[in-house]
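Every value quoted in this text rests on a predicted model; they were computed, and no experiment measured them. Both ligands and their constituent atoms are indexed starting at 1 by order of listing.
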Amino acid sequence: SVRWGLIGASTIARQFMIDAIRAQADGEVVAVMSSNSERARAYAGENGIPVAVSTLDALLSTDIDAVYISTTNELHLEQGLAAIKAGKHVMCEKPLALTSADAKQMVSAARKAGIVFGTNHHLRNAGSHRAMREAIAAGRIGKPIAARVFHSVFLPENLQGWRITRPEAGGGVVLDITVHDADTLRFVLGDDPVEISAFTQSAGMAGGGLEDGAMCIWRFKSGIIAQSHEGFTTKFAGTGFEVHGSEGSLFATNVMTQKPVGSVLLRNAKGEEELSFDREDLYTRSLRQFHAAIRGEGQPSATGEDGIWSLASAEAALQSSKTGKAVTIDPQL
Ligand code: NDP
């Protein structure tokens, strides 16, 4: 079995990842670490987790095989390095760190230690995005020319904390959502971005100089151009992902989400066709791939390198928004 320790008594673990671990035939949640021992105990009690600890050392000396890191973003690096040093497999939340250089340090430490390292980019596990990727790879829209990502949401009240108040914790919509759009664009298009230009805004929710809205324009290696919109303040926008090619277009609606929902429409000279796709829970699939990787079968659905790519893209977007210039995306892998 794979015995998991949770680093961070977080919302995402409570809402999705504990269940996803337990959905695996061989997955067990053994321990949780919170910086506050009372919160650790309460969280363990509420979620049926046997061991509650309040230090990283205590967690890493528990009998566990893997850790899931879902603390605030400034903590991922130090916690990831410690877990790698202790020989634990690591599933780390995005962004992997505050800078791509730090992320690279962690990923290369994992490679040297021979442990499995994954980035929790859940969207590549969505049946909708996999159906789009397959349709494009099969040539169903001809040569892909342009993409549009609609990922501006309303940050729920219970999450209106560090994301909109704490720059030092890696707050802001770019590190929160643009990283996901970077990864999903790379996955669906099967291409890597080379350049980005971004405008960001503070539309009334985020403080501390943080951005709560962003619009980015991307150029990919093959020449594809894309636009993406990320936000925390638009209650009624809905989400979507479109790819337009020489022989057809894909329109995905309500797919930039944590749930296996939404629809994908293919339009071409023959008319319109609704693509059918798998509705498995995104996080359960992500964990299944991770467990397989531990057994030596394949790789996590999003690797450490994928996490470096998404963070390097977000970094470039933030730099572009500050300088008013287009910025090269180069993760130096
Ligand atoms: P939370 O704010 O729920 O948790 C982050 C940390 O905040 C926890 O580790 C905890 O610290 C502290 N905390 C949480 N609730 C409280 C509270 N009531 N009082 C005091 N402290 C509290 O963050 P999220 O779950 O939203 O995000 C965590 C990470 O996961 C981030 O890196 C984020 O980017 C990522 N994420 C990824 C998603 C995905 O789909 N891939 C979706 C959502 C988030 P402690 O552990 O010390 O108690």
Side-chain angles (χ1 to χ4, degrees), residues 5-21 31-47 49 51-56 58-59 67-80 90-98 102-103 106 118-126 129 151 153 155-184 187 210 230 232 239 255-261 281-287 289-290 300-302 306-307 310-311 314:
L6 309 182
I7 300 182
S10 69
T11 308
I12 171 79
R14 178 167 52 75
Q15 290 184 334
F16 292 98
M17 290 299 282
I18 293 173
D19 288 346
I21 291 170
V32 60
M33 186 215 103
S34 163
S35 58
N36 174 306
S37 55
E38 228 166 88
R39 270 180 50 70
R41 267 197 305 276
Y43 193 95
E46 281 157 24
N47 295 289
I49 301 170
V51 179
V53 297
S54 59
T55 66
L56 194 53
L59 184 91
V67 299
Y68 168 55
I69 300 177
S70 65
T71 46
T72 48
N73 303 328
E74 85 285 15
L75 300 173
H76 297 173
L77 172 68
E78 183 195 327
Q79 294 169 336
V90 176
M91 173 62 105
C92 187
E93 269 306 340
K94 40 52 65 169
L96 290 184
L98 297 185
D102 283 352
M106 184 159 56
T119 308
N120 206 25
H121 278 309
H122 59 296
L123 290 165
R124 335 173 137 226
N125 295 284
H129 295 295
H151 200 169
V153 298
L155 188 66
E157 217 162 293
N158 68 308
L159 293 182
Q160 290 179 23
W162 59 270
R163 277 180 180 76
I164 55 167
T165 55
R166 295 186 56 212
E168 70 284 6
V173 78
V174 172
L175 287 181
D176 199 46
I177 305 185
T178 308
V179 287
H180 280 313
D181 293 348
D183 188 65
T184 312
F187 177 73
L210 286 170
E230 297 86 21
F232 285 154
T239 70
V255 294
M256 306 309 287
T257 161
Q258 298 178 289
K259 302 254 170 74
V261 296
D281 177 76
L282 284 55
Y283 299 92
T284 301
R285 185 175 184 279
S286 165
L287 254 293
Q289 302 262 120
F290 194 90
S301 48
D306 292 322
S310 67
L311 182 49

Quiz item: Does even one non-hydrogen atom of G161 get within less than 4.0 Å of ligand 1?
Solution: no

Quiz item: Does a sphere of radius 6.0 Å around CD in Q15 hold more than 12 heavy atoms from other residues, nucleotides or ligands, not counting ones at 6.0 Å or beyond?
Solution: yes

Quiz item: How close does the nearest protein non-hydrogen atom get to atom 3 (O) of ligand 1, and which residue and atom is it?
Solution: T11 OG1, 2.4 Å

Quiz item: For ligand 1, which part of I7 has a heavy atom less than 4.0 Å away: the side chain, the backbone, both, or neither?
Solution: neither

Self-check item: R166/E74 ion pair, N-O < 4.0 Å
Solution: yes

Quiz prompt | Identity and separation of the nearest protein heavy atom to atom 6 (C) of ligand 1 | solution = T72 CG2, 4.1 Å

Quiz item: Which heavy atom of the protein is the closest neighbour of atom 19 (N) of ligand 1, given with residue, atom name and distance?
Solution: R39 NH1, 3.8 Å

Practice problem: Name the orientation class of the two ring planes belonging to H180 and H121 (parallel below 30°, tilted from 30 to 60°, perpendicular beyond 60°). | Solution: perpendicular

Quiz item: Below 4.5 Å, heavy atoms only, C-beta onward: do N47 and L6 meet side chain to side chain?
Solution: no

Quiz item: Is the closest side-chain heavy-atom distance between M256 and D181 below 4.5 Å?
Solution: yes

Quiz item: When you measure from the side chain of H151 to the backbone N and O of T239, does any donor-acceptor pair fall under 3.5 Å?
Solution: no

Quiz item: Which ligand 1 atoms are under 4.0 Å away from a heavy-atom of N73?
Solution: 31 (C), 32 (O), 34 (O)

Practice problem: List the closest protein heavy-atom neighbour of atom 8 (C) of ligand 1: residue, atom name, distance to the nearest 0.1 Å. | Solution: A9 O, 3.8 Å

Quiz item: Nearest to atom 28 (C) of ligand 1, what protein heavy atom do you find, and at what distance?
Solution: S70 O, 3.1 Å

Quiz item: Should I177 and V153 count as side-chain neighbours, where that means a heavy-atom distance under 4.5 Å?
Solution: yes

Self-check item: Contact atoms of ligand 1, heavy-atom distance to L159 under 4.0 Å
Solution: 26 (O)

Self-check item: Residue Q258 vicinity, atoms of ligand 1 by number, heavy atom under 4.0 Å
Solution: 40 (O), 42 (C)

Exercise. State whether the shortest distance between N or O atoms of K94 and N or O atoms of ligand 1 falls below 3.5 angstrom.
Key: yes

Quiz item: With only distance considered, is P95 within less than 3.5 Å of ligand 1 through an N or O on each side?
Solution: no

Quiz prompt | Atom indices of ligand 1 within 4.0 angstrom of T71 heavy atoms, with elements | solution = 9 (O), 28 (C), 29 (C), 31 (C), 32 (O)

Quiz item: What part of Y283 sits under 4.0 Å from ligand 1 if we count only heavy atoms: the side chain, the backbone, both or neither?
Solution: side chain

Exercise. Below 4.0 angstrom from a heavy atom of S10, which ligand 1 atoms are there? Numbered from 1 as shown, please.
Key: 3 (O), 4 (O), 25 (O)

Self-check item: SB check K94 D183 (cutoff 4.0 Å)
Solution: no

Quiz item: E230 versus D176: any side-chain heavy-atom pair under 4.5 Å?
Solution: no

Quiz item: Does even one non-hydrogen atom of H76 get within less than 4.0 Å of ligand 1?
Solution: yes

Quiz item: Any idea which part of F16 is under 4.0 Å from ligand 1, heavy-atom wise: side chain, backbone, both or neither?
Solution: neither

Practice problem: Please report which non-hydrogen protein atom sits nearest to atom 37 (C) of ligand 1, along with the residue it belongs to and the distance in Å to one decimal place. | Solution: E93 OE1, 2.9 Å

Exercise. Check whether any heavy atom of R14 sits under 4.0 Å from an atom of ligand 1.
Key: no

Quiz item: Does M106 reach the side chain of E78, with side-chain heavy atoms less than 4.5 Å apart?
Solution: no

Self-check item: For N120, the ligand 1 atoms whose distance to one of its heavy atoms is below 4.0 Å
Solution: 41 (N)

Practice problem: For the residue pair M17 and S10, establish whether any side-chain heavy-atom pair is separated by less than 4.5 Å. | Solution: no

Practice problem: Output the list of atoms in ligand 1 that are nearer than 4.0 Å to some heavy atom of H180, sorted by atom number. | Solution: 39 (C), 41 (N)

Quiz item: Of the non-hydrogen atoms in Y68 and A13, which two are nearest, and what is the gap between them?
Solution: CE2-CB, 3.9 Å

Practice problem: Answer with yes or no whether W162 contacts ligand 1, where contact means a heavy atom under 4.0 Å from a ligand atom. | Solution: yes

Self-check item: atom 45 (P) of ligand 1: the protein heavy-atom neighbour that sits closest, reported with distance to 0.1 Å
Solution: S34 OG, 3.4 Å

Practice problem: Considering only non-hydrogen protein atoms, determine which one is nearest to atom 27 (O) of ligand 1 and report residue, atom name and distance to 0.1 Å. | Solution: R163 NH2, 3.6 Å

Quiz item: Which atoms of ligand 1 are found less than 4.0 Å from any heavy atom of G8?
Solution: 9 (O), 46 (O)

Practice problem: For residues R39 and A9, report the shortest heavy-atom separation together with the two atoms involved. | Solution: NH2-O, 2.8 Å

Self-check item: 4.5 Å side-chain heavy-atom contact, D306 and F187
Solution: no

Quiz item: Would V53 and M33 satisfy side-chain contact (heavy atoms from CB on, under 4.5 Å), going step by step from the backbone distance to the final call?
Solution: CA-CA 5 Å; V53 297; M33 186 215 103; 3.8 Å; yes

